[in-house]
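Read the structure below first, then the notes.
From a predicted model like this one, the values you see are computed outputs, not experimental measurements. Just follow the structure's listing: the first ligand is 1, and inside any ligand the first atom is 1.
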Amino acid sequence: MTHEHIPFLDIRPQEEATTVDSAIKRVIDSGQFILGPEVQAFEQEFSEASALKYAVGVGNGTDALYLLLEGLGIGAGDEVITTSLSAGFTAIAIIRSGATPVFVDIDEHRLTLDPAAVQAAITPRTAAIIPVHLYGQPADLTTLSQLAARHNLALIEDCCQAHLATYQGRAVGTFGHGCAFSFYPTKNLGAMGDGGAACTNDTGLAERIRSLRNGGMSKTSHHQHAGINSRLDEIQAAVLRAKLPLLPEWTIKRRMLATRYRERLCGKTIAIPPETDTGHVYHLFPVRATRRDSFRDHLNTCSIDTVVHYPTPLPNQPAFKSNSTVIYPIAEKICQEIVSLPLHPALTDASIDRIIESIGDFSG
Ligand SMILES: *Cc1c(COP(=O)(O)O)cnc(C)c1O
């Protein structure tokens, strides 16, 4: 067996390298670096690709979530229900808004927000629900949007891992009042630095966020609200424009690699969370291993990198501890078993096969 190292990710430019280079050069030559034509064009192109009316380019996905909360008037005194299993930045955005995050358990199959747990956590102070389409798999949007409507709550979708994902054929992000995307370099659509977008079909909300991301100005040097400084810059927008046309192909490639894993890992010592919707975009390919440490050690010996997403439920982390009595046993169990295998559009079938073969050699 060969022992060529298989890294978890390879995000160096590949087929897009020359268009990215010329896009960056175009911006440098233009002399316009903040809120210019590239951002405007990217906002248009990304909103079309995502089936949403408006996309507002911001500094990162965390700010996109924060600006959606702020733009919807959610803050101090409000509770926002979200999942116990996510990147910590989902919770950071809620805390920055002044609202209190209320973490609830996940559905054991989807690994996303459990609607029954959401329902049980609703109080008179609840203002919003933030589901996360974790790993690229859509949350149960039918039940969650019904719940939000019935209790008059805002639904804000965290789409930071779900570019181009669909739920029962309809684009994620279109079910709620607004949604957030991240273009962190490792995301399915990644910039070469930080970037994000807050998207919505609500004209008023889009306008408020457009102002809030730029200091809350209503016109030059006139600050209507104390907003923040969170603007997508021209170079990142140009890079994203160069990559966006390739995103549909990359998404197909991710799905093909995931299918290969699913077919060939069948009956091995690990469990694969089910695909609950064919609109899954496989930002990550997590598996469950009851003896995770030895499983990872074994793959490491075979020169195969793995990463744990995520090792600790959010409410167990010092920054997010509260006196809430809500429990999240499924998230706790998943955090002990989950481990992501390499999956990215540049990964070859041969590499996948070597990973599968190495997993087959794990005695469990
Ligand atoms: C990446 C990510 C974020 C934060 O995005 P940044 O651009 O890094 O701020 C938020 N939520 C989820 C689920 C993410 O994966």
Is Asp21 paired with Lys25 through a side-chain N to carboxylate O contact shorter than 4.0 Å?
no
Would you call Asp158 a ligand 1 contact, heavy-atom distance under 4.0 Å?
yes
Quick test of your reading of the model: are Glu43 and Arg213 salt-bridged, counting only N-O distances below 4.0 Å?
yes
Polar contact flag, side-chain donor to acceptor under 3.5 angstrom, Gln44-Gln40
no
What protein heavy atom is closest to atom 9 (O) of ligand 1, reported as residue, atom name and distance in Å?
Thr62 OG1, 2.5 Å
Any ring pair (Phe, Tyr, Trp, His ring centres under 6.0 Å) involving residues 221-273? Give me the pairs, sequence neighbours left out, ordered by first then second residue.
Tyr261-Phe285
According to the interplanar angle, ranging from 0 to 90°, do the rings of His163 and Phe46 count as parallel (below 30°), tilted (30 to 60°) or perpendicular (above 60°)?
perpendicular
Which atoms of ligand 1 are found less than 4.0 Å from any heavy atom of Ser86?
13 (C)
Quick check on Gly196 - does any of its heavy atoms sit under 4.0 Å from an atom of ligand 1?
no
What's the shortest distance from atom 2 (C) of ligand 1 to any protein heavy atom, and which residue and atom give it?
Lys187 NZ, 2.6 Å
Which donor-acceptor pairs under 3.5 Å do side chains of residues 60-73 form with protein atoms, sequence neighbours excluded?
unit_1, atom_1, unit_2, atom_2, d
Asn60, OD1, Thr62, N, 3.1
Asn60, OD1, Asp63, N, 2.7
Asn60, ND2, Asp63, OD2, 3.4
Asp63, OD2, Ser230, OG, 2.5
Tyr66, OH, Glu70, OE1, 3.2

What are the atoms of ligand 1, with element, lying closer than 4.0 Å to any heavy atom of Val132?
13 (C)
Please list, in number order, the atoms of ligand 1 under 4.0 Å from a heavy atom of Cys160.
2 (C), 3 (C), 10 (C), 11 (N), 12 (C), 14 (C), 15 (O)
Phe183 to ligand 1: N or O pair under 3.5 Å?
no
